Amino acid sequence: MDKYQLFHQLHHQHRGFVLANAWDLSSAQFIQAAGAKAVATTSWGIAASLGLADGENISFKTQLALVKSLTEHLHIPLSVDIESGYSNDPLQISENVLALARLGVVGINIEDSDKDTNALRSIEQQCTIISEIKKVLNENGFGGLFINARTDTYFVSDSPFQATLKRAKAYQNAGADGLFVPGLTNIEHITSLANTIDMPLNVMAMSNFNSAKAAFAGGAKRFSLGNSLYDLVGNTIKTSLTQIEN
């Protein structure tokens with residue numbers, strides 16, 4: 001089984017899986033050493049580790065350099081958070097994804113937020129982006145790369161469930177392999193969404209790690225830790241130093 005097949009299989013097993021997010025090579029290696037079957041990057045953690053705010057404030061060149069280091073040293077599948085694609089041009093976004101695919105990544109997260117306006121892209125615009133990514137990947141022999149379509153509806157919408165459902169169906173038809181809904185913690189909403197769409201549902205840890213069990217029971221297939229591990233490391237350092245000094 002190759003890495004593409006393994007990563008897809010993780011999303012379609014009976015019980016969901018926890019996907020830990022790394023921000024540099026050492027954190028990724030710690031995750032791998034812990035026995036993880038796959039690892040993902042966290043854009044928030046990468047930016048914070050460089051003293052920057054999240055939101056594509058690192059260059060895509062910096063992103064590529066980090067991913068190259070990860071793929072050269074890891075043996076488990078790697079998925080990359082590319083935020084909104086570092087562009088609003090579908091062709092440029094597709095070329096960015098293709099560059100990552102050539103480095104050996106097996107999946108991406110692609111957001112539907114516009115970094116210039118801080119609003120959601122239109123459904124039509126995001127579907128064009130997803131379709132173009134899929135087309136370029138297929139044309140270049142990387143059709144197995146997992147496109148995880150992220151929607152930020154639970155951060156900005158007054159009626160997030162209906163807005164999410166509408167976008168989910170459109171993104172699926174455009175070629176997405178999975179749906180990522182950060183901010184979604186309502187178990188009834190998770191169950192309704194998981195039962196309605198035909199692709200695996202990914203949610204994210206918001207306040208603690210224990211909610212993974214409830215999310216899986218509700219029908220989610222992937223539980224991302226996001227910036228939780230980065231925060232945990234920072235808090236551990238501060239607590240340890242405080243205890244030593246006292």
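Quick caveat, the model's predicted, so the values are computed rather than measured.
- Two residues are said to be in side-chain contact when any heavy atoms from C-beta on lie closer than 4.5 Å; Leu145 and Ile133 fail this criterion.
- Not one N or O on the side chain of Lys221 forms a donor-acceptor pair closer than 3.5 Å with the backbone of Phe216.
- Judged purely by distance below 3.5 Å, without hydrogens or angles, the side chains of Arg121 and Asn88 pair a donor atom with an acceptor atom.
- Both Ile93 and Tyr86 are assigned to one and the same hydrophobic cluster, defined by single-linkage of ILVMFWY side chains at heavy-atom distances under 4.5 Å.
- Taken from CD in Glu83 to CD1 in Ile110, the straight-line distance is 9.5 Å, to the nearest 0.5 Å.
- Ile82 places none of its side-chain heavy atoms less than 4.5 Å from the side chain of Asn109.
- Under the 4.5 Å side-chain criterion, counting only non-hydrogen atoms from C-beta, Val181 is not in contact with Arg150.
- With hydrogens and angles disregarded, a donor-acceptor distance shorter than 3.5 Å links the side chain of His8 to the backbone of Gly144.
- The only member of Val80, Asn21, Ile108 that meets side-chain contact (heavy atoms from CB on, under 4.5 Å) when paired with Thr41 is Val80.
- Without hydrogens or angle criteria, Glu72 side chain to Ser69 main chain gives no donor-acceptor distance under 3.5 Å.
- The side-chain heavy atoms of Leu103 and Leu64, taken from C-beta on, include a pair separated by under 4.5 Å.
- Put simply, OG on Ser228 and CE on Met206 are 9.0 Å apart, with the number rounded to the nearest 0.5 Å.
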>> Could you walk me through whether Ser79 and Phe7 satisfy the side-chain contact (heavy atoms from CB on, under 4.5 Å) test, starting with their C-alpha distance in whole Å, then the side-chain angles of each, then the deciding distance to 0.1 Å, before giving a yes or no?
In response: CA-CA 9 Å; Ser79 182; Phe7 196 61; 3.7 Å; yes
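- Within the 3.5 Å criterion, the main-chain N or O of Thr236 finds no donor-acceptor partner in the side chain of Thr239.
- With no hydrogens or angles considered, a side-chain donor-acceptor pair links Ser27 and Asp24 at under 3.5 Å.
- Here the CD1 atom belonging to Ile237 is positioned 11.5 Å from the OG1 atom belonging to Thr242, to the nearest 0.5 angstrom.
- Looking at heavy atoms from C-beta onward, Leu50 lies out of side-chain contact with Asn57 at the 4.5 angstrom threshold.
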>> For a side-chain contact (heavy atoms from CB on, under 4.5 Å) check, start with the C-alpha distance between Ile58 and Ile46, then their side-chain angles and the critical distance, and finish with the verdict.
In response: CA-CA 8 Å; Ile58 66 169; Ile46 293 171; 3.7 Å; yes
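- One N or O on the side chain of Gln172 and one on the backbone of Asp198 form a donor-acceptor pair closer than 3.5 Å.
- Side-chain contact of Thr153 with Thr164: a donor-acceptor pair under 3.5 Å is present, judged by distance alone.
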> So Gln9 and Lys37, side-chain contact (heavy atoms from CB on, under 4.5 Å) or not? Walk me through it.
Replying inline: CA-CA 11 Å; Gln9 185 185 69; Lys37 294 182 178 179; over 6 Å; no
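- Asn148 and Asn202 share a side-chain donor-acceptor pair at under 3.5 Å.
- Lys3 places none of its side-chain heavy atoms less than 4.5 Å from the side chain of Leu78.
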> Can you check side-chain contact (heavy atoms from CB on, under 4.5 Å) on Ile31 and Leu229, steps first, answer last?
Replying inline: CA-CA 10 Å; Ile31 292 168; Leu229 292 181; 4.1 Å; yes
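- Counting only distance, with no hydrogens or angles, the side chain of Ser157 and the backbone of Tyr154 share no donor-acceptor pair below 3.5 Å.
- If you chain together hydrophobic residues whose side chains sit under 4.5 Å apart, Leu66 and Phe30 never meet in one group.
- The line from OG of Ser131 to CD of Glu124 is 11.5 Å long, rounded to the nearest 0.5 Å.
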>> With side chain to side chain donor-acceptor pair (under 3.5 Å) as the criterion, how do Thr62 and Ser59 come out once you've worked through the C-alpha distance, each side chain's angles and the decisive distance to 0.1 Å?
In response: CA-CA 5 Å; Thr62 300; Ser59 67; 2.8 Å; yes
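- Checking side-chain atoms of Asn227 against main-chain N and O of Gly45 turns up no donor-acceptor pair under 3.5 Å.
- Taking each heavy atom of Ala20 and Val39 in turn, the nearest pair found is O-CG2, 3.7 Å.
- Considering only heavy atoms from C-beta on, Ser94 stays 4.5 Å or farther from Lys135 through its side chain.
- Among all heavy-atom pairs drawn from Met199 and Asp177, the shortest one is CB-O, 3.6 Å.
- The shortest non-hydrogen separation linking Trp44 to Tyr230 is CZ3-CD2, 3.4 Å.
- Looking at Lys115 and Asp54, no side-chain N of the basic residue comes within less than 4.0 Å of a carboxylate O on the acidic one, giving no salt bridge.
- Within a 6.0 Å sphere centred on CG of Asn195, heavy atoms belonging to other residues, nucleotides or ligands number more than 12.
- Summarising the geometry of Gln126 relative to Glu111, their closest heavy-atom pair is NE2-O, 2.7 Å, with the distance given to 0.1 Å.
- Using modelled atom types, one finds a donor on one side chain and an acceptor on the other under 3.5 Å when comparing Asp152 with Ser113.
- With His11 as the fixed residue, the ring-ring contact (aromatic ring centres under 6.0 Å, His included) test singles out one of Phe223, Phe17, Tyr4, Phe180: Phe17.
- The 12-atom threshold is exceeded at CD of Gln13, counting heavy atoms of other residues, nucleotides or ligands nearer than 6.0 Å.
- Judged by distance alone, with hydrogens and angles left aside, the side-chain atoms of Asn140 form no donor-acceptor pair with the main-chain N or O of Phe142 at under 3.5 Å.
- Rounding to the nearest 0.5 Å places CD of Gln125 at 5.0 Å from CD1 of Ile129.
- A donor and an acceptor atom, one from each side chain of Asp81 and Ser43, are located under 3.5 Å apart.
- Smallest separation of non-hydrogen atoms from Pro200 and His12: CD-CE1, 3.8 Å.
- Follow the hydrophobic side-chain contacts under 4.5 Å out from Val233 and you never reach Ile244; the two are in separate clusters.
- Across all non-hydrogen atoms, the minimal contact from Ala38 to Leu10 is CB-CD1, 3.9 Å.
- Here the side chains of Leu179 and Ile197 are in contact, with some heavy-atom distance below 4.5 Å.
- Distance check: Leu201 CG to Thr196 OG1 gives 10.5 Å after rounding to the nearest 0.5 Å.
- In the hydrophobic cluster analysis, where Ile, Leu, Val, Met, Phe, Trp and Tyr join through side-chain heavy atoms closer than 4.5 angstrom, Phe60 is grouped apart from Leu91.
- Salt-bridge annotation for Asp112 and Arg167: present, with a side-chain N of the basic residue lying under 4.0 Å from a carboxylate O of the acidic one.
- With hydrogens and angles ignored, the 3.5 Å screen pairs no side-chain donor or acceptor of Gln92 with any backbone N or O of Ser87.
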